[in-house]
Asks: 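If you scroll down you'll find the structure; I have some questions about it.
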Amino acid sequence: MGRALGLSDEAYGLWAGTAVNDTSSVVAAGYAFSEGGGDFATMVKLTRTLAIIPTVLVFAFVNIHLARKNHLETTGKKINFRGLFPWFILGFLALAAINSSGIIPAGISKIAKDASKFLMIAALAAIGLGTSLKDMKKSGVNPMLHGFIISVLVVIVAIAVEWFMGMV
């Protein structure tokens, strides 16, 4: 579609990064278009993903507050904060800071980028290969139709925004 619409690498990357929900799917779609499209799509998706950090932290603190309150009311004991905090957030931020600092040599960064692309695409393939057509058939056509309509609307809105921005 990107080629049929005459999109540049950046325009396609922005479209894929905003219209596709799953990170591995964004990577696969972006790099299927071009190296530049894949790089830009991945950057857009990871930028969107950064919005998860404050959201997760707010929900973690609300959850901790509610858990402490409920636990204290039922047991009279305090609850352990460490068990409820999403520690992967700190790991994500630390790795992003290390990568952005320039500490990692360019050669190692390139190898890590290539390995990351391969592993993302392998994860997407594994998800697809693990899909049970029997279970999908049991669910009926309505969930599939609903998902298809929502996906089409997201794709259309994303390309429309780019069009109004003058990128298409």
Asks: In terms of hydrophobic clusters joined by side-chain contacts under 4.5 Å, are L7 and V155 together?
Replies: yes
Asks: In Å, rounded to the nearest 0.5 Å, how long is the span from CG of L95 to CD1 of I104?
Replies: 8.0 Å
Asks: May I ask you to decide if I98's main-chain N or O and S101's side chain share a donor-acceptor pair within less than 3.5 Å?
Replies: yes
Asks: Check whether any side-chain heavy atom of E35 sits under 4.5 Å from a side-chain heavy atom of K117, and report yes or no.
Replies: yes
Asks: Heavy atoms, side chains only, cut-off 4.5 Å: are F33 and R3 in contact?
Replies: yes
Asks: Minimum heavy-atom separation for G140 to P143, with atom names?
Replies: O-CD, 3.6 Å
Asks: Examine L119 and Y31 and state if one hydrophobic cluster contains both, with Ile, Leu, Val, Met, Phe, Trp and Tyr joined whenever side-chain heavy atoms are less than 4.5 Å apart.
Replies: no
Asks: Measure across A41 and G30 and return the closest heavy-atom pair with its distance rounded to 0.1 Å.
Replies: CB-CA, 4.1 Å
Asks: Hey, could you give me the CZ/CG distance between F148 and L153, rounded to the nearest 0.5 Å?
Replies: 9.5 Å
Asks: Compare every heavy atom of D9 with every heavy atom of S34, then report the nearest pair and how far apart it is.
Replies: OG-OD1, 2.7 Å
Asks: Look at the side-chain heavy atoms of Ile, Leu, Val, Met, Phe, Trp and Tyr, link any pair under 4.5 Å apart, and say whether M43 and M165 land in one connected group.
Replies: yes
Asks: How long is the span from the CD1 atom in I149 to the CE atom in M144, to the nearest 0.5 Å?
Replies: 12.0 Å
Asks: Could you check if a side-chain atom of V20 sits within less than 4.5 angstrom of a side-chain atom of W15, using non-hydrogen atoms only?
Replies: no
Asks: Output the distance between atom CD1 (I52) and atom OG1 (T49), rounded to the nearest 0.5 Å.
Replies: 5.0 Å
Asks: Applying a strict under-4.5 Å side-chain criterion to I, L, V, M, F, W and Y, I'd like to know whether V161 and F40 cluster together.
Replies: yes
Asks: Give a yes or no on whether M167 and L5 share a hydrophobic cluster (residues Ile, Leu, Val, Met, Phe, Trp, Tyr; joining criterion: side-chain heavy atoms under 4.5 Å apart).
Replies: no
Asks: Looking at every heavy atom in both R48 and T18, which two are closest together, and how far apart are they?
Replies: NH1-O, 3.5 Å
Asks: If every non-hydrogen atom of E162 is compared with every non-hydrogen atom of L14, which pair is closest and at what distance?
Replies: OE2-C, 3.4 Å
Asks: Taking the basic N atoms (NZ, or NE/NH1/NH2) and the acidic carboxylate oxygens, is any pair closer than 4.0 Å for D22 and K45?
Replies: no
Asks: Looking at V26 and T42, what are the two nearest heavy atoms and their distance?
Replies: CG1-N, 4.3 Å
Asks: Out of curiosity, I159 CD1 to M1 CE, how far, rounded to the nearest 0.5 Å?
Replies: 7.5 Å
Asks: Roughly how far, to the nearest 0.5 Å, is OG of S25 from CD1 of I127?
Replies: 7.0 Å
Asks: Are any non-hydrogen side-chain atoms of S24 and I121 less than 4.5 angstrom apart?
Replies: no
